[in-house]
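These notes concern the structure reproduced below.
Note that ligands are numbered from 1 as they come in the structure, with each ligand's atoms numbered from 1 the same way.
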Amino acid sequence: MAQFDLIVIGAGPGGYVCAIRAAQLGLKVACVEGRETLGGTCLNVGCIPSKALLHATHMLHEAKENFEKMGITGAKPKPDWKKMLAYKDDVIGQNTKGIEFLFKKNKVTWLKGWATIPEAGKVKIGDETHEAKHIVIASGSEPASLKGVEVDEKTILTSTGALALEKLPKKMVVIGGGVIGLEMGSVYARLGAEVTVIEYLDGLIPGSDGEVAKTFLRLLKKQGMEFILGAAVQGAEVKRGKASVSYKLRKDDSEHKIDADCVLVATGRKPFTEGLGLDKLGVELTKRGQIATDGSYATSVKGLYAIGDVIEGPMLAHKAMDDGHALADILAGHAAHVDYNLVPGVIYTTPEVASLGATEETLKEQGRAYKAGKISFMSNGRAKAVFQGEGFVKLLADKETDRLLGAHIIGPMAGDLIHEICVAMQFGASAEDVALTCHAHPTFSEAVREAAFACGDGPIHA
Ligand code: NAI
């Protein structure tokens, strides 16, 4: 038995950040992880591997569609799937080993295995029990299941299986037009598969800015992806390695079937808390099955905390990281807080989609008077030079005070551009503050500035 100030359960972005930060603040810290490698879903089977495949297939798209336009000619590259997977695995390895290095550097003990919490203040891994003043649950999330659709990770896949397919499919059905469905769907579409997305709602990416969602749908269709909207999947059958998905159109209840070589189920994720022993401990859950916490991440059990995907708030790696950072500060005796309204959301397709804060829809619902400043990337010289003139930046600001309320970007590097507005909103800036800040030319970020001008007297390039 060893004694620690803090034991963190789970070494994903929430857990590893919490462990490292707490160690940096002087606590004696251990982190329990049952996977062979650190980094959780994000580094092993989520954000990082999908970004490797998105990058590789974007390059392929550029070679096919744009090289010749730029005067680069010669034999056309084609995908070598095995090598592409090896590249992706190498990227995973570099990142997971990086966390192992950081654990050693910061003297965080990695306790290998799956943890249970037999009683407050104790963590059991296999036959060993350790004691800790504070225990943090950072066990993340797992794909939500869908009635009638049984995942085998060969023909019916979650994102995990979709990142390691043995061979490239000719036909793929994606259930769910959310983040995972659209990122992974565009990977396989760029690799030549016929991809059909079936989405329950009448539009993509629920909760997003309506204009962004419409533009996104149009651009993905242009790239060859197909969409069946307003359709509820009823079930999927696998016969001789091929799948048949049945769905009902919501407008008329008519039933349909679609065949595919594989099916990706991307209908959301749910907290992963299995085996921790939360029932026995009497840990309070929310109605949605998340661990209930107060404003300082404390659960209903003394000394037990929770962060990341197992608690409320957006299920995003960077939100979990912020939770972890803040909780480590709190445990070390400092004040800390994460504003979930200022957590950006990004979809790493081409074009990228990024959003922050209020949408026009939510502001209308609230009856809040606002102004919208919008500028197309067609007006941005840099975007046109790299064939990415489609899409726009939209900023929302309070009608009276000009204070920024939200930002919605679809276009090149949207996931990086959004952070200028994150900082601005963190400081309570107005659209004019952004407009009057010098932006280098020629950069994509000039579009953000022009959108800020569009909230006031108007932009130059429109
Ligand atoms: P999601 O919640 O983004 O989208 C799920 C979609 O499935 C929704 O549009 C929903 O209407 C639809 N759906 C549900 N049941 C259906 C049915 N029976 N038939 C047809 N459509 C149905 O969930 P997703 O894409 O699985 O992602 C899970 C989580 O992982 C999200 O919280 C997401 O934010 C996170 N994530 C974030 C990434 C990023 O930040 N780039 C990348 C990957 C995942």
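The shortest N or O to N or O distance between Tyr348 and ligand 1 is not under 3.5 Å. The N/O atoms of His318, backbone and side chain alike, include none that comes under 3.5 Å of an N/O atom in ligand 1. Polar contact check, Ala232 against ligand 1: no nitrogen or oxygen pair lies under 3.5 Å apart. Considering backbone and side-chain atoms together, Val346 places an N or O closer than 3.5 Å to an N or O of ligand 1.
Distance from atom 7 (O) of ligand 1 to its nearest protein heavy atom, with residue and atom name: Gly176 CA, 3.2 Å. Protein heavy atom nearest atom 3 (O) of ligand 1, with residue, atom name and distance: Val179 N, 3.3 Å. The closest protein non-hydrogen atom to atom 34 (O) of ligand 1 is Leu316 CD2, 3.5 Å. The protein non-hydrogen atom at the shortest distance from atom 21 (N) of ligand 1 is Tyr200 N, 3.0 Å. Among protein heavy atoms, the minimum distance from atom 17 (C) of ligand 1 is reached at Val233 N, 3.8 Å. Summary of contacts: the protein heavy atom closest to atom 5 (C) of ligand 1 is Ala266 O, 3.3 Å. Scanning the protein heavy atoms around atom 28 (C) of ligand 1, the nearest turns out to be Arg269 CG, 3.5 Å.
Heavy-atom proximity to Ala231, at under 4.0 Å, picks out these atoms of ligand 1: 19 (N), 20 (C). Taking every non-hydrogen atom of Met315 and a distance limit under 4.0 Å, the qualifying atoms of ligand 1 come out as 32 (O), 34 (O), 35 (C). Less than 4.0 angstrom separates some heavy atom of Ile198 from each of these atoms of ligand 1: 20 (C), 21 (N). Close approach of ligand 1 to Leu146 (heavy-atom distance below 4.0 Å) involves ligand atoms 18 (N).
Between Glu211 and Lys394, at least one side-chain nitrogen of the basic residue sits less than 4.0 Å from a carboxylate oxygen of the acidic one, meeting the salt-bridge criterion. Taking the charged nitrogens against the carboxylate oxygens, Glu312 and Arg288 have no contact shorter than 4.0 Å, which rules out a salt bridge. Between Arg382 and Glu446 no salt bridge is recorded (no basic side-chain N to carboxylate O distance below 4.0 Å). Using a cut-off of 4.0 Å between Lys/Arg side-chain N and Asp/Glu carboxylate O, Asp261 and Lys242 are scored as salt-bridged. Note on Arg449 versus Glu420: no salt bridge recorded, every NZ/NE/NH1/NH2 to OD/OE distance being 4.0 Å or above.
Closest heavy-atom approach to atom 44 (C) of ligand 1 within the set Thr41, Leu54, Ile180: this belongs to Ile180. The closest heavy-atom contact to atom 2 (O) of ligand 1, among the options Gly268, Gly178, Gly148, comes from Gly268. Counting heavy atoms only, Glu199 comes closest to atom 6 (C) of ligand 1 of the residues Glu352, Lys270, Lys248, Glu199.
Between Val283 and Ile291 there is a side-chain heavy-atom pair separated by less than 4.5 Å. Within the 4.5 Å cutoff, side-chain heavy atoms of Leu220 are placed close to those of Leu182.
Nearest heavy atoms, Thr359 versus Leu396: C-CD1, 3.6 Å. Gly39 and Asn44 get closest at one heavy-atom pair: C-ND2, 3.9 Å.
Within 6.0 Å of the NZ atom in Lys97, the count of heavy atoms belonging to other residues, nucleotides or ligands does not exceed 12.
Pro314 does not count as a contact of ligand 1, since none of its heavy atoms falls under 4.0 Å from the ligand. Under a 4.0 Å heavy-atom criterion, Pro206 is in contact with ligand 1.
Partners of Trp81 under the ring-ring contact (aromatic ring centres under 6.0 Å, His included) rule, at least two apart in sequence or in another chain, are Tyr188.
Checked by atom type, the side-chain pair Tyr87/Asp80 shows no donor-acceptor distance below 3.5 Å.
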